[in-house]
Number of protein chains: 2
Amino acid sequence: MATGLFCCHAVYDGAVTDVTSTGAATAPAKRGRGEKSSATIYDIAKLAGVNPSTVSRALSKPGRVSAKTQKIIEDAAAELNYQVNPFARALPTGRTQTIGLIVADITNPTFFDIIRGAETTGSARDYTLVLAESAESPETEVTAARRLLSTVDGLILASPRMDDDHIRALSADKPVVVINRQIDGVPCVVPDVNKGISEAVRSLAANGHTNLAYVAGPAQSWMTGRRWEGVKAACEWSKLGAVRLESSKPTVDGGRQVARDVLESGATAVITYNDLLAIGLMQELQAGGMRVPDQISIVGFDDIFGADFTTPALTTVRSPLGECGTRAVTILLDVLQGHDAPDEAVSVETELVVRGSSGRLLA
Amino acid sequence: MATGLFCCHAVYDGAVTDVTSTGAATAPAKRGRGEKSSATIYDIAKLAGVNPSTVSRALSKPGRVSAKTQKIIEDAAAELNYQVNPFARALPTGRTQTIGLIVADITNPTFFDIIRGAETTGSARDYTLVLAESAESPETEVTAARRLLSTVDGLILASPRMDDDHIRALSADKPVVVINRQIDGVPCVVPDVNKGISEAVRSLAANGHTNLAYVAGPAQSWMTGRRWEGVKAACEWSKLGAVRLESSKPTVDGGRQVARDVLESGATAVITYNDLLAIGLMQELQAGGMRVPDQISIVGFDDIFGADFTTPALTTVRSPLGECGTRAVTILLDVLQGHDAPDEAVSVETELVVRGSSGRLLA
DNA sequence: CCACTCTTGTCAACCGGTTGCCAAAAATTG
DNA sequence: CAATTTTTGGCAACCGGTTGACAAGAGTGG
């Protein structure tokens with residue numbers, strides 16, 4: 001007799017009287033187990049003696065109903081322990097109260113703080129964060145982005161690997177904010193590397209270094225170019241020699257592999273594209289008998305988790321990654337509320353964190 | 001004349017003829033910008049010349065329609081670049097193709113691999129992962145879980161901080177899988193610490209150690225008790241003395257603080273609740289002039305990211321965290337497909353990873 | 001060739017909210 | 001107190017799929 005999918009609202013309130021004879025035949029339980037599958041605005045309407053649409057207005061359009069009915073409805077909602085069904089809401093409105101975040105690699109600690117910053121800020125404003133990973137592949141990234149885009153209100157791309165045009169295309173569909181890369185016409189949050197870098201170079205120069213090497217990151221990374229520009233400029237200013245070395249991959253292993261090139265370059269100070277490279281490089285150099293920082297100074301980038309586990313602890317240019325996540329979410333939610341996006345890239349400050357891996361050169 | 005929310009399907013196919021005069025007044029763009037808001041099964045039905053319900057069946061009920069119409073419909077869908085609207089699907093069915101993962105702390109590296117394992121496995125089976133964080137607070141955790149539960153098909157709790165009854169309550173609503181804790185009646189994935197621990201203790205005994213200290217983690221953590229039990233049993237077996245020391249918090253800082261107690265205990269070998277404690281402890285002991293491992297051996301737990309950044313690199317009992325994530329998702333999806341959950345906790349193997357921080361005691 | 005299954009497509013109701021339009025009720029004004 | 005404006009609540013259509021019931025069409029056997 002029952003035709004299938006109905007919620008069972010028979011047992012609200014402790015009054016479990018005679019369920020079998022009255023309601024059971026017409027109300028099979030719905031979502032799996034548990035008979036409590038939540039109340040709807042129709043239940044509230046019945047209890048409050050008003051129309052469902054009035055309930056809807058009372059609950060989502062402040063001021064549209066009189067204070068009196070508002071109260072009645074809110075009480076009824078509370079009594080029934082009502083929770084909106086996000087899907088039912090999303091269907092007609094398109095609003096999902098959800099934002100997507102795509103990172104290149106979930107296990108890359110660079111992203112941890114971004115994720116946390118975004119999650120915290122989103123939660124605070126009642127948005128849910130959906131996380132996806134591109135496994136460093138531009139294609140996967142585009143796929144993931146497309147898939148996410150249909151279920152979220154907006155998207156945050158952290159250090160995206162896909163090209164600018166793809167990002168603009170996404171951005172034409174729904175609001176998109178980019179972290180760690182600058183793209184015309186798309187709101188961006190980008191750490192301003194120059195402050196941190198010039199602090200680092202100045203400090204190295206002051207410690208007697210005259211030749212510096214920059215170990216670059218992956219070619220698709222927009223940031224690696226920026227950082228090299230910054231290093232080059234700062235070195236010119238401080239009259240240091242600067243060479244750029246390429247790494248095979250931006251990991252501890254990549255750092256180990258580039259150690260030989262570093263030695264051959266004759267540089268006594270190294271700035272690397274990221275902390276992982278710095279750590280690998282330091283391990284390999286120490287294993288070969290070099291003393292850090294007496295013979296060579298090493299400066300990383302990002303101040304990732306674990307940068308202070310090493311001996312000596314790593315000197316590094318800190319990017320405020322948590323803040324990047326927070327800012328990106330804030331911009332996104334502002335845009336969603338109809339505000340304009342900032343027309344220039346939002347820049348956040350970097351700073352040098354001096355630890356043990358950099359210092360005076362002992363000739 | 002237009003009454004509001006309609007998708008603009010006027011411009012399918014490159015034929016952009018005369019939009020203004022025909023469609024513009026009746027078809028305001030819907031979801032923000034971009035006129036492409038996606039095709040529906042109604043569009044497909046029209047194009048294929050069948051009923052929408054047939055389209056629905058062709059696309060989701062394999063075998064329900066004839067091969068011929070199936071093909072026609074699939075072609076039409078491809079031509080229109082159709083994508084199901086997840087909300088429209090979720091509304092009547094309750095299926096969301098989404099699973100929730102709650103972790104205590106997003107920045108705690110213990111969870112990184114769990115997250116990645118879960119994300120990867122979920123993606124492979126077309127499920128989206130939604131991540132939430134409890135900030136180590138049982139209350140926040142319950143709230144987050146409740147909120148998530150209404151929008152996901154199932155939930156994974158990694159090292160939950162809430163009590164057993166809350167978890168059982170959630171589990172009565174929707175499928176729940178727990179990682180790193182064992183609860184009767186709820187499917188669990190738990191690393192079997194005994195193998196790793198006995199390897200560790202045996203190795204320490206073989207290196208001349210006779211007194212061992214275990215540095216415990218937070219009291220709410222079910223795991224800390226398990227690990228202590230394992231250590232105690234293994235020490236009895238190997239005839240080592242074992243004492244349990246408490247830490248203030250399971251972090252690097254907590255490790256530093258417990259150094260004094262470790263020294264006073266007279267133990268020459270330490271096993272800590274997690275790697276962070278081990279790292280902090282090692283830093284503090286080395287700062288005080290102790291040589292690791294010559295004077296004291298340190299063994300951590302989990303093999304987190306960064307455990308090999310230290311000098312010496314950290315010896316640790318590795319839990320296969322990625323596998324935990326994978327297994328948990330697999331179990332959850334199996335349950336969602338109607339299979340039975342395993343009635344015993346699924347156990348995954350731990351193993352000792354010997355690095356430099358443990359070794360022979362040089363008296 | 002007809003009665004009887006089995007397959008396949010259509011109809012219509014439904015999931016749970018949202019919102020434009022309208023009319024009744026209340027408040028304001030002359 | 002009547003006329004007018006403003007509130008406030010109700011009606012009904014709609015978002016885009018899903019699914020039970022049913023009937024027309026295809027296939028089968030006697």
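Owing to the predicted nature of the structure, the values given are computational and were not obtained by experimental measurement. Protein chains get the first letters and strands the later ones, always in sequence-line order, with residue 1 at the start of each.
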Would you tabulate the nitrogen or oxygen pairs shorter than 3.5 Å linking the protein to nucleotides 9-11 of chain D?
{"from": "dG9(D)", "atom 1": "OP1", "to": "S66(A)", "atom 2": "OG", "distance (Å)": "3.0"}
{"from": "dG9(D)", "atom 1": "OP1", "to": "T69(A)", "atom 2": "OG1", "distance (Å)": "2.6"}
{"from": "dG9(D)", "atom 1": "OP2", "to": "S66(A)", "atom 2": "N", "distance (Å)": "3.1"}
{"from": "dG9(D)", "atom 1": "OP2", "to": "T69(A)", "atom 2": "OG1", "distance (Å)": "3.2"}
{"from": "dG9(D)", "atom 1": "N7", "to": "R64(A)", "atom 2": "NH2", "distance (Å)": "3.1"}
{"from": "dG9(D)", "atom 1": "O6", "to": "R64(A)", "atom 2": "NH2", "distance (Å)": "2.7"}
{"from": "dG10(D)", "atom 1": "OP2", "to": "N51(A)", "atom 2": "N", "distance (Å)": "2.6"}
{"from": "dG10(D)", "atom 1": "OP2", "to": "T54(A)", "atom 2": "OG1", "distance (Å)": "2.7"}
{"from": "dG10(D)", "atom 1": "O6", "to": "R57(A)", "atom 2": "NH1", "distance (Å)": "3.0"}
{"from": "dG10(D)", "atom 1": "O6", "to": "R57(A)", "atom 2": "NH2", "distance (Å)": "2.8"}
{"from": "dC11(D)", "atom 1": "OP2", "to": "N51(A)", "atom 2": "ND2", "distance (Å)": "2.9"}
{"from": "dC11(D)", "atom 1": "N4", "to": "S53(A)", "atom 2": "OG", "distance (Å)": "3.3"}

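Here the P atom of nucleotide dG16(D) and the CD1 atom of I41(B) are 10 Å apart, to the nearest Å. The nearest whole Å value for the distance from the CZ atom in R95(B) to the C1' atom in dG16(C) is 17 Å. One can place CG of L91(A) at 14 Å from P of dC14(D), the figure rounded to the nearest angstrom. Taking atom CZ of R89(A) as the reference point, atom C1' of dG17(C) lies 8 Å away to the nearest angstrom. When rounded to the nearest whole Å, the span between CD of Q97(A) and P of dG17(C) equals 15 Å. Note: CD1 (I73(B)) to P (dT18(D)) measures 12 Å, nearest angstrom. Between K46(B) atom NZ and dG9(C) atom P there is a gap of 20 Å when expressed in whole angstrom units. Rounded to whole Å, the distance from CG on L59(B) to P on dT8(C) is 17 Å.
With dG17(D), dG17(C), dT18(C) as the choices, the nucleotide that has an atom nearest any side-chain atom of T93(A) turns out to be dT18(C).
Residue K61(A) places none of its side-chain N or O atoms closer than 4.0 Å to OP1 or OP2 of dT18(C). For dT18(D), the OP1/OP2 oxygens have a side-chain nitrogen or oxygen of S60(B) closer than 4.0 Å. Applying the 4.0 Å criterion to OP1 and OP2 of dC14(C), one finds that Y42(A) has every side-chain N and O outside that range.
A search for salt bridge (Lys or Arg N to Asp or Glu O under 4.0 Å) contacts involving D126(B) returns R147(A), not counting sequence neighbours. Considering only residues two or more places apart in sequence or on other chains, D165(A) meets the salt bridge (Lys or Arg N to Asp or Glu O under 4.0 Å) condition with R168(A). Evaluation of the side chain to side chain donor-acceptor pair (under 3.5 Å) rule for T121(A) yields T326(A) as partners, not counting sequence neighbours. With sequence neighbours excluded, the residues forming a salt bridge (Lys or Arg N to Asp or Glu O under 4.0 Å) with D105(A) are R116(B), listed by chain and number. With sequence neighbours excluded, no residue forms a salt bridge (Lys or Arg N to Asp or Glu O under 4.0 Å) with R64(A). Residues passing the side chain to side chain donor-acceptor pair (under 3.5 Å) test with E74(B), sequence neighbours excluded: Q70(B).
The shortest side-chain heavy-atom distance between D173(A) and L170(A) does not fall under the 4.5 Å cut-off.
If one axis is set at each end of the helix from dC1(C)-dG30(D) to dG30(C)-dC1(D) from five pairs, those axes are 40° apart, to 10°.
Applying the salt bridge (charged side-chain N to carboxylate O under 4.0 Å, His left out) test to every pair with at least one member in residues 50-63 of chain A, sequence neighbours left out, gives no pairs at all.
Across the interface with DNA chain D, nearest-nucleotide mapping of A67(A) and Q83(B) shows A67(A) to be the residue nearer the 5′ end.
In this structure a side-chain-to-backbone donor-acceptor pair under 3.5 Å is missing from T140(A) to E136(A).
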